[in-house]
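The structure under discussion appears below in the form of structure tokens.
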Protein chains: 2
Amino acid sequence: MSSENRGLTERKKQILKAIVDAHIEGGGPVGSKYILQNQQLKCSSATIRNEMAELEEMGYLEQPHASAGRVPSELGLRFYVDTLLEHYAMTTHEIAQINNLLRAKMGELDQILKAASNLASNLTNYTGIAIKPRVSSVSIAKYETIYLEPTHYILVAVTSSGAVKSKHVRTEGEITEEELARLSGLLNSYLTGIPAEQITLPLLMEMETRMGEGAWQVGVAVKVIYALLRELDEGEMSVSGINRLLQYPEYSDVGHLQELLGTLEKKEDILDLVSRSQNDDISIMIGSESQVKVMNNSALVFKPIVKDGRTVGAIGVIGPRRMDYAKVLATLEGLSGNITNMLETDKQLNGGRSDGGN
Amino acid sequence: MSSENRGLTERKKQILKAIVDAHIEGGGPVGSKYILQNQQLKCSSATIRNEMAELEEMGYLEQPHASAGRVPSELGLRFYVDTLLEHYAMTTHEIAQINNLLRAKMGELDQILKAASNLASNLTNYTGIAIKPRVSSVSIAKYETIYLEPTHYILVAVTSSGAVKSKHVRTEGEITEEELARLSGLLNSYLTGIPAEQITLPLLMEMETRMGEGAWQVGVAVKVIYALLRELDEGEMSVSGINRLLQYPEYSDVGHLQELLGTLEKKEDILDLVSRSQNDDISIMIGSESQVKVMNNSALVFKPIVKDGRTVGAIGVIGPRRMDYAKVLATLEGLSGNITNMLETDKQLNGGRSDGGN
DNA sequence: GGTTAGCACTCAACGCAAAAGAGTGCTAAA
DNA sequence: TTTAGCACTCTTTTGCGTTGAGTGCTAACC
């Protein structure tokens, strides 16, 4: 019988769910009477109290102090998320918002992600994050140079995932347009598809030999490229809607809030967290699950964005532990679906065309 | 006699300065006794009280309630900033920090500005902002295209101020590399140096005629360029060190804080404020001077970054009204001096070389 | 006339005790 | 196993006197 699966009776589940739901909405401890009123259970508050005592013993609930109601523990929230969560259906208005605002931002991935994190924040009322994760080893698919002045050109690099990055290069000596063109060709034939750590001195020397006239320019350019690759390795993260956190009483403790904001500024911890995720499913980290101390009272939910089997970004939401997970999950799914669609459309288009073109 | 200039006696000035100094440091109201102790005035607390009462009548001081000390009013702070401010000398350590961290970030203006705002936040302990102001009409100095696939190329544009911006372009029909090269040439001859509003239909039609084969590609590209120009018009702003605000009691009111954070998120108001500034001096906006309601209890100080006589960015600081203006001014001057130097060095280099090169 | 000592007055802040309220645990009966 | 009832616990709220910082005013002083 399913009434005994996972070691919890149906009634216990119902009570746990009711408590979590109420706690998510209100933020405070939940008492037995409240549940009795807002739930059609054919039993008395005393029975509920007994059940609650047992749920507490099992570790799903906690009691702030003797005469308060119960609050779901981390374990309780985890169980709720894994087993009890009801599907949230987005309103047509929300769907429309996603469609409109995201389509309008069609363009570079960075911008799409930022717009998405903004939307996530708006729709869920938590803080949104947009992430370009650290990747083990990026490589450049194509180089281009733009000549500006005798000692000044721009180096443009297109990464394997389609991102474009540019650097102004100022040289000590002069470079001619012809030299620059040769340099550009050289970069494209020697330095595409390889990660930073494979740019070795022998390789550089070989390139210099091939360059001939103006060989010293190779070193300058390669240094810039190296720096550029390192920057790409770093990952990026942008945050939106920090102000929304303030509406939740769990952040009224200034100390906590300050620490969390500090973590959001530093970006490292969260970037690590997201970059470490293996699959492309939504990840939910409740409280201490994240292993980041300052997030013990918060939850982080994020969804990687995958293109061509490679994780190119992630969008997510940060908020109190008692997050409205149903809504957050639906929103992130909706957003990521939309983004993936946009990327897929491209791919199909390109795929179809290149079949004909090649 | 200078003892009467600006309508304030020397002693009144000294008292006002003492009050503002103490208020900046402590945040609370300042009493007559405190001043007597920390200031060598040869008079009694009663005299100081009399002076304070007069200063209040003149509008320089305010009294939170009858039995509290005095707090400088907006007018008082303004007078302090304009007349009483003492020069703050940066420590060698601070100077070294600016030099090291900024030099390390040498590269794109965006990154320099962000690094500078970060530094500003660190050194002053307020929130730092980096801004690329709205400019009335940007133009593109140079276009470049990067061919990727038959229906997919990248358009790179270099603005007159040296910023690089790129857009992926996906076309419905296919474009050949040869067509793309011609398109690129066309863009460079027709669309350099003109702002968005001068891209007219007749111009487009003329370009299409000149293009010949693949003329429809012109429309696609021009649309992208138009969007790109509009984006450049918008301005950008990034914020760092929000968490530092929390240490100041004036932001312990969650409502205020939330509003201010909202304003920082929206960026518009502050972007407006900065973009509207005329000269390249440091601007100081205390409380309601900014005309932005939510900033009534805050101060905004910023310094435009000028290159070739054109404002290309700004760095600034946001914090409580009782900001340590001396330190903030010194820090911003130091940072902007450094940045300008970096930009100037380029210019001289280029200038010298191009004389020889052209 | 400006300056000073002295004193009454004001008002936020603090501490504390009593009261209120919410919710539990336990017991005994159904 | 469930339930009604009740004593108990602990937080929250409220009220109130106390404290203390700081002022404003008056009268004397130089």
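Chain letters run A, B, ... following the sequence lines, proteins first and then strands; every chain starts at 1.
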Quiz item: For A:E54, which of A:K12, A:R49, A:R70 qualifies under salt bridge (Lys or Arg N to Asp or Glu O under 4.0 Å)?
Solution: A:K12
Practice problem: Can you tell me the distance, in whole Å, between the CD1 atom of B:I15 and the P atom of D:dT23? | Solution: 11 Å
Quiz prompt | Presence of B:R49 side-chain N/O under 4.0 Å of C:dA5 phosphate oxygens OP1/OP2 | solution = no
Quiz item: Is there a side-chain contact between A:R322 and A:P72 (heavy atoms, below 4.5 Å)?
Solution: no
Exercise. Calculate the interatomic distance between A:E51 atom CD and D:dT3 atom P; express it in whole Å.
Key: 11 Å
Quiz item: What integer distance in Å separates A:L61:CG from C:dG23:C1'?
Solution: 14 Å
Quiz prompt | Nucleotide of D:dT3, D:dT23, C:dC11 approaching A:T47 most closely (side-chain heavy atoms) | solution = D:dT3
Quiz item: Looking at A:Y88 versus A:Y325, is the centre-to-centre ring distance below 6.0 Å?
Solution: no
Quiz item: In which stems does DNA chain C show up, taking only runs of three or more Watson-Crick or G-U wobble pairs whose two distances fall under 3.5 Å?
Solution: C:1-30 with D:1-30
Quiz item: Between atom CD in B:E56 and atom C1' in D:dG22, what is the gap in whole Å?
Solution: 13 Å
Quiz item: Side-chain N or O of B:R11 less than 4.0 angstrom from OP1 or OP2 on C:dT3?
Solution: yes
Quiz item: With distance as the sole criterion, do the side chain of B:S67 and the base of C:dT10 form a donor-acceptor contact below 3.5 Å?
Solution: yes
Quiz item: So, B:R244 and B:S121: side-chain donor and acceptor under 3.5 Å apart, yes or no?
Solution: yes
Quiz item: Between atom CD1 in B:I35 and atom P in D:dT23, what is the gap in whole Å?
Solution: 8 Å
Exercise. For A:E74 and A:S288, test the side chains for any donor-to-acceptor distance below 3.5 angstrom and give the result as yes or no.
Key: yes
Practice problem: Would you indicate, yes or no, if D:dG24 has its OP1 or OP2 atom less than 4.0 angstrom from a side-chain nitrogen or oxygen of B:Q63? | Solution: yes
Practice problem: Compare the minimum distances between each of C:dT24, D:dG24, C:dT4 and the side chain of B:N50, then state the nucleotide with the smallest one. | Solution: C:dT4
Quiz prompt | Which nucleotide in C:dA5, C:dT3, D:dC10 has an atom nearest any side-chain atom of A:A66 | solution = D:dC10
Self-check item: B:K33 NZ - C:dC7 P separation (whole Å)
Solution: 14 Å
Quiz item: Taking only side-chain nitrogens and oxygens of B:S45, does any of them come within less than 4.0 Å of OP1 or OP2 of D:dG22?
Solution: no
Quiz item: CD of B:E62 versus P of D:dG22: gap in Å, rounded?
Solution: 18 Å
Quiz item: Over how many whole Å does the gap from A:M52 atom CE to C:dG23 atom P extend?
Solution: 9 Å
Quiz item: Can you name the closest pair of heavy atoms from B:V30 and B:M52 and give their distance?
Solution: O-CE, 4.1 Å
Quiz item: Backbone N or O of B:Y80 within a donor-acceptor pair of the B:T83 side chain at under 3.5 Å?
Solution: no
